[in-house]
Amino acid sequence: MTTELAKAYDPKDVEPRWYQYWLDHGVFAASDAPGDARPTYVLPMPPPNVTGSLHMGHALFCTLEDVLVRFHRMDGYNTLWQPGIDHAGIATQTVVERILKREGKTRHDLGREKFLERVWDWKAQSGDRIQLQQRVLGVSADWPRSKFTMDADLSKAVREAFVRLYEEGLIYRDKRLVYWDCEVHTVLSNLEVDNEPAKGELFEFAYEVEGGGEIVVATTRPETMLGDTAVAVHPDDPRYTHLHGKRVRHPFLDRTFPIICDAVLVDPKFGTGAVKVTPSHDFNDFATGKRHDLEFINLLTIDGKLNENGGPFAGLDRFVARKAVKKALEEKGLTRGSKPHDLVLPKSQRTGTVVEPMMSTQWYVKMAPLAEPAIAAVREGKTKIIPEEWTKTYEHWMTNILDWCISRQLWWGHRVPAFYCADCDHVTVTREDAPATCGGCGGASLRQDEDVLDTWFSSGLWPFSTLGWPEKTPALERFYPASDLETGYDILFFWVARMMMMGIHFMGEPPFKRILLHGLVVDETGDKMSKVKGNVIDPLDLIHGATFDAVIEKALPGAPHDEALRKFKKAYPSAGQMGAGFASYGADAMRFTLASYSPQAKRIPLSPKKIEGYRNFCNKIWNATRFALGYIDGATVGATPPRATTLANRWILSRFAFAIDGARTGIADFRLDDASSALYQFFWGDLCDWFLELTKPTFNPSEALGPAAEGQKDETRDVLAYVIEGALRALHPFIPFLTEELWHRVPRAPGAPVSLALASYPTPATAPRDLDAERDMAAVQAVIGAARSIRSEHEVHPGAEIPLVLRTDDARVAALLVAETRAIRTLVKTAGAPTIEARGGARPHGTVMSVAAETEVLVALKGLVDPAKETARVDRELKKVEKDVAALEKKLALPSFADKAPPELVAESKAQLEELQRKRVALGEAQGLAAELGEAEKP
RNA sequence: GGGCGGGUAGCUCAGUGGUAGAGCGCUGGUCUUACACACCGGUGGUCGCAGGUUCGAAUCCUGUCCCGCCUACCA
């Protein structure tokens, strides 16, 4: 590649180029070839819903996982990132039903078979959209292995799992109270129900007691009184002792029921102290009903209307019935008032509708026997949860786990493989599609269960069903268990815990070594992204760029422009400074941003400004490479560090070593924030701000260099080439597109692979740590900094050259400063070479002074100085030093410190104090100089 | 009601015993031939509050006040 690099980096020119290249070269493929002896790194990707399109949450997990995956691939692992799609039962069925509705049809008009055809059609059309979007992010998954949870092989796995669990007695059918979604007409597991606080009323009414009198009860759901089969009071409540054993009469229905005593249900201090009991529609009442052997009367139809047991109210919708019942009670003179009441409404996570507790026969998985080994696996460290704090939550949930209701009254999903016999009550559970005969009586009229399984049942098998289970495939052999599982903490129970249980049960060992959990992407102010709030950002808009007009059109469709814009900017204050919209920041910048958030944060407040900042970092990488390319042509880049003798060269290799260590440690600990920041600081802070500047006087000397310096030039060229190439490799997992682009332009080691994605990740052997060089360089930097500070404080024009005198009594420092004369001269911009001498000489008028690294830094400013400013500057420095001196003196004065603190620390503190004291003396002199300036000003 | 997490610079966040850090913002100066998506300076925090342990605490312990999240059957 010889084309010139543009002055500014534009991701649009670079990013689209590389994905196809990677696919063409099979870069992402894992290998299950028997001869492949590399260690494996396996990461099952959380399968996005088939209904989904890419959102910020996907962008986050794709980034984090891609970093892990690309790192391990480069680090020599046979890496499998297993992608796929989840069939998402309720969500998908709802989407397709909505399409049908527009055609004026329901799924029942079509029938089950035709409806399923429609779903498959829809899936074929838009089911892989999200996978195409993932490519924009650079996701390096092994696409040819992609699986869909409804694929034939995965369906086979589901059936196998069901049958085995059934045969082991771990799956059973039972009639009990469940959460019912009246909109989709299906049962939900307790995990799929969200409890939302709401304002309601506590409505009181009276039951007439047989034999005279009344008893007043309170309820938030008056319509359920139609299913009441008892009134409960506390056995010790004196107010009701006289009613024990009596019965009450139902005002609308021709039945009576008992007044019972129950200390569990009734809190005498709440309400009237008397509780109506509706065993079929309330979880507490259900238990009470079981305790007292009460009658169970189901009131509701599957779509939330009152059934025939509702008497005069039969046929009414539950909410209509509520009003009607209240009115009817009113008419009978039985209402006894109402008051506002805070309650908690159970709502369907999917449809948002209030779910109803209802009696129903469903399939369940017995959880306790499965949970126990899953708890043990974490407790024994076979599987580690990171961040560790989630371990407690996991244990707590797993030890209190309820049996899992797995049947759903949907059409889209894996059908329950159970068959009912017309001739006997045997249930045939089988791997066959259509068994011919009943396993009980041998009869031939069998009818399959209508229900399908909870989507999470199939996702629970994901780590092994995707590899071919129940067949013993080479892939299963090689890639189970996985190394890591990375996902949001919000599905720890839905998915992760279930994979743990299923994996251990069917495969005999936990499905992964580590569970890595990340937080939720929220808006810049910390609010959850939601369509209602209008604060949703499409990651693709940040990657490709978008005007705010386009952005809010998506965030709050149909809303008035100004209102939507106001809401959006409120959610993203930093966007207020960004003009008319987002620039095309590129996938690399977004990835780096997402990787820079600490994984233990539960919330990840997305800041557009931060993405802009990392776009700037990409530009920095681009331009640093552009600069380097001007000098490193023809440099030799080897597998081992080049010869480095100059301070700058030794130093940058050492800083590189430090950065690599930071990156590797961060990635290993799932602290991608630490890893990315180590690389960022190295590249920008060390490489660009110092090293590149230091190469300039070598590459472009202001005066002719001797032969020795010419040698340095070659050395510096090789070091620069080596560090740039290595840095691109180190950054690649985070910034894959840009680094790949640039890597093809810089000199590489002989035998380099076709893609940077296949190059080796820098190792500790890549560069030597050189603490002497770091110490010396820090001294030089401090001296340069002090001189620059003086320049800047006195508003010396950046182009002007200043005379610089450096005074030190430390022979080693003096030698160092002499050796680094050219660096100091260039970076401070001095007039001629700086003078380096011993302390104590005279100081000409107009000289200002600072102290750094045991060195007096003197600048003669020839009357350019503002005495007041100089006094202020010195005072400021002096104040700082005095504060530090005071703190140290105080500490050292304590006898207990010298006695009990580690001796190294005491010695170190003493040395520090001495240095600071010397500095204080020097600054005192500087103060004198500043004062002289003031006098000199006066005529 | 229970559990968990958090309160550190104007903002968003790192920092698990040894004299407080980053990015952004703010501010002064520069278009210095890699980069103004930049460079060189500067400002800015009694680490929620109160006790305790320790030679030493943002960091450990106790209490307390706020803020989140999860969980729960007060009718």
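Owing to the predicted nature of the structure, the values given are computational and were not obtained by experimental measurement. All chains are named by letter (A, B, ...) in the order of the sequence lines, taking the proteins before the strands, and each is independently numbered beginning at 1. As a basis for the values below, the full set of heavy atoms in this structure was taken, side chains included, without hydrogen atoms, waters or symmetry mates.
- Between A/Arg626 and B/C37 there is no side-chain N or O to OP1 or OP2 distance below 4.0 Å.
- Taking atom CZ of A/Phe283 as the reference point, atom C1' of B/C73 lies 9 Å away to the nearest angstrom.
- For B/G18, the paired nucleotide is B/C55, the pair qualifying as Watson-Crick or G-U wobble because both relevant distances are below 3.5 Å.
- Straight-line distance between the C1' atoms of B/C47 and B/U8: roughly 4 Å, to the nearest whole Å.
- Atom name C1', nucleotides B/C13 and B/G63: the rounded distance is 28 Å, in whole Å.
- The phosphate of B/C40 (OP1 or OP2) has no side-chain N or O of A/Lys829 nearer than 4.0 angstrom.
- Toward the 5' end of RNA chain B, the nearer of the two residues A/Lys392 and A/Phe617, judged by each one's closest nucleotide, is A/Lys392.
- At a cut-off of 3.5 angstrom, the base of B/C37 holds at least one donor-acceptor pair with the side chain of A/Arg615.
- Nearer the 5' end of RNA chain B, as judged by each residue's closest nucleotide, is the contact made by A/Leu905, out of A/Leu905 and A/Ser896.
- Pairing for B/U30 goes to B/A38, judged as Watson-Crick or G-U wobble with the two contacts each under 3.5 Å.
- Put simply, CH2 on A/Trp684 is 11 Å from P on B/A36, counting in whole angstrom units.
- Look at the C1' atom in both B/G6 and B/U12: the space between them is 14 Å, to the nearest Å.
- With respect to A/Glu915 and A/Lys919, no salt bridge is recorded, no charged nitrogen being found less than 4.0 Å from a carboxylate O.
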Would you tabulate the nitrogen or oxygen pairs shorter than 3.5 Å linking the protein to nucleotides 68-71 of chain B?
residue	atom	partner	partner atom	Å
B/G68	O3'	A/Arg603	NH2	3.3
B/G68	O2'	A/Arg603	NE	3.1
B/G68	O2'	A/Arg603	NH2	3.4

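- Whole-Å rounding puts the A/Lys879 NZ to B/G44 C1' distance at 13 Å.
- Residue A/Thr278 forms a side chain to side chain donor-acceptor pair (under 3.5 Å) with just one option from A/Thr288, A/Thr219, A/Asp228, and that option is A/Asp228.
- Using cut-offs of 30° and 60° on the angle between ring planes, the pair A/Trp390 and A/Tyr489 is parallel.
- Applying the Watson-Crick and G-U wobble criteria (two distances, each under 3.5 Å), B/A50 pairs with B/U62.
- For the pair A/Ile621 CD1 and B/C35 P, the interatomic distance rounds to 17 Å; values are reported in whole Å.
- Between A/Tyr9 and A/Trp622, the ring planes are tilted. Angles from 30° to 60° get that label.
- Separating the CZ atom of A/Phe683 from the C1' atom of B/G23 is a distance of 18 Å, rounded to the nearest angstrom.
- Rounded to whole Å, the C1' atom of B/G29 lies 26 Å from the corresponding atom of B/G21.
- Distance, A/Glu693 CD to B/U33 P: 11 Å, rounded to whole Å.
- Residue-to-nucleotide contacts include no donor-acceptor pair under 3.5 Å from the side chain of A/Lys610 to the base of B/C24.
- A donor atom on one side chain and an acceptor atom on the other are found under 3.5 Å apart for A/Ser189 and A/Glu192.
- Using Watson-Crick or G-U wobble geometry with both donor-acceptor distances under 3.5 Å, B/G68 finds its partner in B/C4.
- The C1' atoms of B/C60 and B/C55 are separated by 16 Å, rounded to the nearest whole Å.
- Pairing of B/G25, defined by two Watson-Crick or G-U wobble distances under 3.5 Å, is not identified with any nucleotide.
- Distance check on atom C1': B/G1 versus B/A72 gives 7 Å, rounded to whole Å.
- Counting distance only, with no hydrogens placed and no angle test, the side-chain atoms of A/Glu204 and the base atoms of B/A75 include no donor-acceptor pair under 3.5 Å.
- One atom, CG of A/Leu520, and another, P of B/G5, lie 18 Å apart when rounded to the nearest Å.
- Between A/Lys880 and A/Glu877 there is no salt bridge, since none of the side-chain N atoms of the basic residue sits less than 4.0 Å from a carboxylate O of the acidic one.
- In a base pair of the Watson-Crick type (N1 to N3 plus N6-O4 or O6-N4) or a G-U wobble (N1-O2 and O6-N3), with each distance short of 3.5 Å, B/C74 is matched with no nucleotide.
- Within the 4.0 Å cut-off from OP1 or OP2 of B/U43, at least one side-chain nitrogen or oxygen of A/Arg876 is found.
- With sequence neighbours left out, A/Gln681 forms a side chain to side chain donor-acceptor pair (under 3.5 Å) with no residue at all.
- Rounded to whole angstrom, the span from the CG atom of A/Asp262 across to the C1' atom of B/C73 amounts to 13 Å.
- Between the side chain of A/Ser792 and the base of B/G28, at least one donor-acceptor pair of N or O atoms lies under 3.5 Å.
- Cation-pi geometry between A/Lys696 and A/Phe627 is met: under 6.0 angstrom from the ring centre, within 45 degrees of the axis.
- Between A/Glu612 and A/Lys609, at least one side-chain N (NZ, or NE/NH1/NH2) sits under 4.0 Å from a carboxylate O, which counts as a salt bridge.
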